[in-house]
Amino acid sequence: MASALIEPRVLRGFRDYLPEEMIPRQRMINTITAVFERHGFAPLGTPALEYSEVLLGKYGADAEKLLFRFTDNGGRDVSLRYDLTLSLARVAAQYGNLPVPFKRYQIAPVWRAERPGHGRFREFYQCDVDIVGAAGPLAEYECIQVDYDVMTALGIEKFSIHVSNRKLLEGLSSKLGVSDSAQSRAIARTIDKLPSQGEGAVRALLFSDAGLNSEQIGIVFEYLSLKGSNEAILAQLREFFANTPEAHSGIESLEAIIRCASAAGIPESTIELDLSIARGLDYYTGTVYETFLLDLPALGSVMSGGRYDGLVAIFTGQDVPAVGISVGIDRLFSGLQETGRIPQAATVSQVLVTVFNESTTPQSLQAATRLRSLGVAAEVAVEGGALRRQLKYANKQHIPFALIIGPDEAENGTMTLRDMESGEQESFSTVEAVAARVLEQRDDHLS
RNA sequence: GUGAGUGUAGCUCAGUUGGUUAGAGCAUCAGACUGUGGAUCUGAGGGUCGGGGGUUCGAAUCCCCUCACUCACCCCA
C-alpha cells in the first residue's frame, strides 16, 4: 500500500532561493563580506535559537509579539532570534576575553512572526557590522565609511547616506515638555514617516497618535524645517537647541562625523543630515543612519543602523558603547535587479565536459579533473546520452563552453572546445590550452 | 491584528444563463535526429478545478466555512 503523498510546500512567509536567484545573491554577499573584512571586521556565528529571556524586553512591546516563541522538548522557553544585534550584545556580555573594541560581522537569517507582504518575509537575512566598546565618533564614522565602501563595491554610484541622532529627538521632547517615554517614541515614529506620508499626514498623526497640541506641533515642524547644507543645519540646530542640553552631545557627534567623512574624502553630497530619520527600534541611543538609492527612493532604506550604548547593560548592568550598520540584502538585491545591475547567471559551470561513450569516458573525466585544478569550473555530463542531449543541457543552463571528446579526438589525442554562444569550435591538444581559452573569455566578460 | 480582492496543469490564463470525458499557449519528456544546442513537425505525460460542507437530476460555475496568496492599513528589513 502506498502511503499518502506529501504535498511539497514551505511555511507562510518562508521561501526557497533557487540557483538562478542564489548565484547572483551569493556573489553580492561575497562582495559585501570582502568589504567588511578589509575594514578588520571578523565573522561571528551565534545560534538561531536563544532563551526567550535573552531576547525579550529590549525590542519594545510591539516587537515582542513578533517573536517565534515556543517551549522546546526539554521544557525550555526559547525563541528564534529576531535580529542579530541582541545576540551580539549577549556575546559581548558573556565572554570576558574579547578584544576591545570588538569588531564583528554576521550574515545570517532572522525570524519574525509578522504578516508577510510585498518584500516582507518571516525568515530573512540580516547582514550586520558592529563595533562594541568604542564610544567616540570615529566608530560612528567608520560605519559610514563601510556603508560608502559597500555601495561603491557593488557598483552603485547614486546613493545618499542620511544621518541623524536620537539625542536630538530627546532634546525635542524636552523642548515640547514631553517626559513620558511612550509619548516620545510615538513622536519619533511619526516623524520617521515624513518622507513617505508627507507633512499633512504627519501633522494629523502628531495630534491623534502622539497627543500633541497645535503649539507643540508647530515646534516639531520648526525642527523638521531646518534645511540647507550640513554646515547650515548644524548651525541652526545649535541655535534651536541653545537651551536644551539633552541635545548637545548629539549635535557634537554629528559635527565630528561630518568632519571625519570630509577628511576621508567621502563626497559631501553623499552624506546628508536628515532630521526626520528616527529608526523604529527602541534600543538606539545616538547616531542613526539610513541609506537610499537615488534612482529608487521608494524602495526605502537599503542600509541602516546606529548607536545603541545601552544594550549590553541588560546583561551586565553596565553601559557598553556599541554602534553598527546593517545591509538590507534582500531589498538591495531587488533594487539592483530593478536597475539592471545584477548579471544573469543560471549556472556556476564554465565548461560542460561531454561524455561520448564508455571507452572515451576516462579521457573526459581526466580532462575535467585537470580543468578544475587549473581553476576552471568544469561539469561532467553525468547523464550521458546523445551528444545532442548534452549540448541541449549546456545551452539551457547557459554554460559558456562544451568540451567534446569523442572517438575521433581520443584517437588523435585532441579535444574540441565549442563556444556555446557563437557555435564556433576549436581543436586543442592540451587541457592547459583549453583552460587558458576559457579563462580568457571569462576575463573578457568581466571587463 | 483590521479591511478588500483573487484561487483552474510547473508558469500565464480560457472555460457561455449550472449541462456529457475541464481546454490553450509556454515549459517538460519522447520521436523525426546514436558526432553537435537554440528552429520546425509529430506525439506523450501532467488536474481530488485550493480544501471541506451545502443547494441541485447535475457544480470549476450558486451558498456557507476554512486555508493560501495579493493589495491597502499597522509595523518594519
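Predicted model, so just to flag it, every value in this text is computed and none were measured. Chain naming here is simple, since letters A, B, ... match the order of the sequence lines and numbering starts at 1 in each.
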Study note, to complete from the structure: Taken in chain and number order and not counting sequence neighbours, the residues that satisfy salt bridge (charged side-chain N to carboxylate O under 4.0 Å, His left out) with A:Asp130 are A:Arg104
Check your understanding: If the C1' atom of B:rC33 is compared with that of B:rU42, how far apart are they to the nearest Å?
Key -> 13 Å
Practice item. Could you list the residues that satisfy side chain to side chain contact (heavy atoms under 4.5 Å, CB included) with A:Tyr51, not counting sequence neighbours? Key: A:Glu53, A:Val54, A:Arg76
**Study point:** Set of side chain to side chain contact (heavy atoms under 4.5 Å, CB included) partners for A:Ala139, sequence neighbours left out
**Key:** A:Ile131, A:Ala134, A:Arg307, A:Val323
Check your understanding: Looking only at atom C1', what distance separates B:rA27 and B:rG38, rounded to whole Å?
Key -> 15 Å
Point to revise | Contacts of A:Phe221 that satisfy side chain to side chain contact (heavy atoms under 4.5 Å, CB included) - sequence neighbours left out | key: A:Leu194, A:Glu199, A:Val202, A:Arg203, A:Leu206, A:Ile217, A:Leu224
Polar pairs (N or O, both sides) under 3.5 Å between protein and nucleotides 3-7 of chain B?
none

Exercise for review: Determine the interatomic distance between C1' on B:rA24 and the same-named atom on B:rA14; round to the nearest Å.
Suggested key: 7 Å
Study note, to complete from the structure: Across all chains, not counting sequence neighbours, the salt bridge (charged side-chain N to carboxylate O under 4.0 Å, His left out) partners of A:Lys158 are A:Asp295
Exercise for review: Counting Watson-Crick and G-U wobble pairs whose two distances are both under 3.5 Å, find the runs of 3 or more in a row that involve RNA chain B.
Suggested key: B:1-7 with B:67-73, B:10-13 with B:23-26, B:28-32 with B:40-44, B:50-54 with B:62-66
Review point. For A:Glu379, which residues count as a salt bridge (charged side-chain N to carboxylate O under 4.0 Å, His left out) partner, sequence neighbours excluded?
Key: none
Exercise for review: Output every pair passing ring-ring contact (aromatic ring centres under 6.0 Å, His included) with a member in residues 25-46 of chain A, not counting sequence neighbours, ordered by first then second residue.
Suggested key: A:Phe36-A:Tyr105
List, one per line, each side-chain donor-acceptor pair under 3.5 Å for residues 428-435 of chain A, sequence neighbours excluded.
unit_1	atom_1	unit_2	atom_2	d
A:Thr430	OG1	A:Ala433	N	3.1
A:Glu432	OE2	A:Arg370	NE	2.7
A:Glu432	OE2	A:Arg370	NH2	2.6

Point to revise | Within the 6.0 Å centroid threshold, strictly below: A:Phe292 and A:His162 | key: yes
Check your understanding: Quick one: what's the B/S/- string for nucleotides 32-44 of chain B, heavy-atom cutoff under 4.0 Å, read 5' to 3'?
Key -> -BSBBBB------
Check your understanding: Does any N or O donor sit under 3.5 Å from an N or O acceptor when you compare the side chain of A:Glu114 with the base of B:rA77?
Key -> yes
Exercise for review: List for me each residue that meets side chain to side chain contact (heavy atoms under 4.5 Å, CB included) alongside A:Thr270, sequence neighbours excluded, and say none if there are none.
Suggested key: A:Tyr148, A:Phe159, A:Ile161, A:Ile266, A:Pro267
Practice item. Rounded to whole angstrom, note down the P distance from B:rU48 over to B:rG23. Key: 15 Å
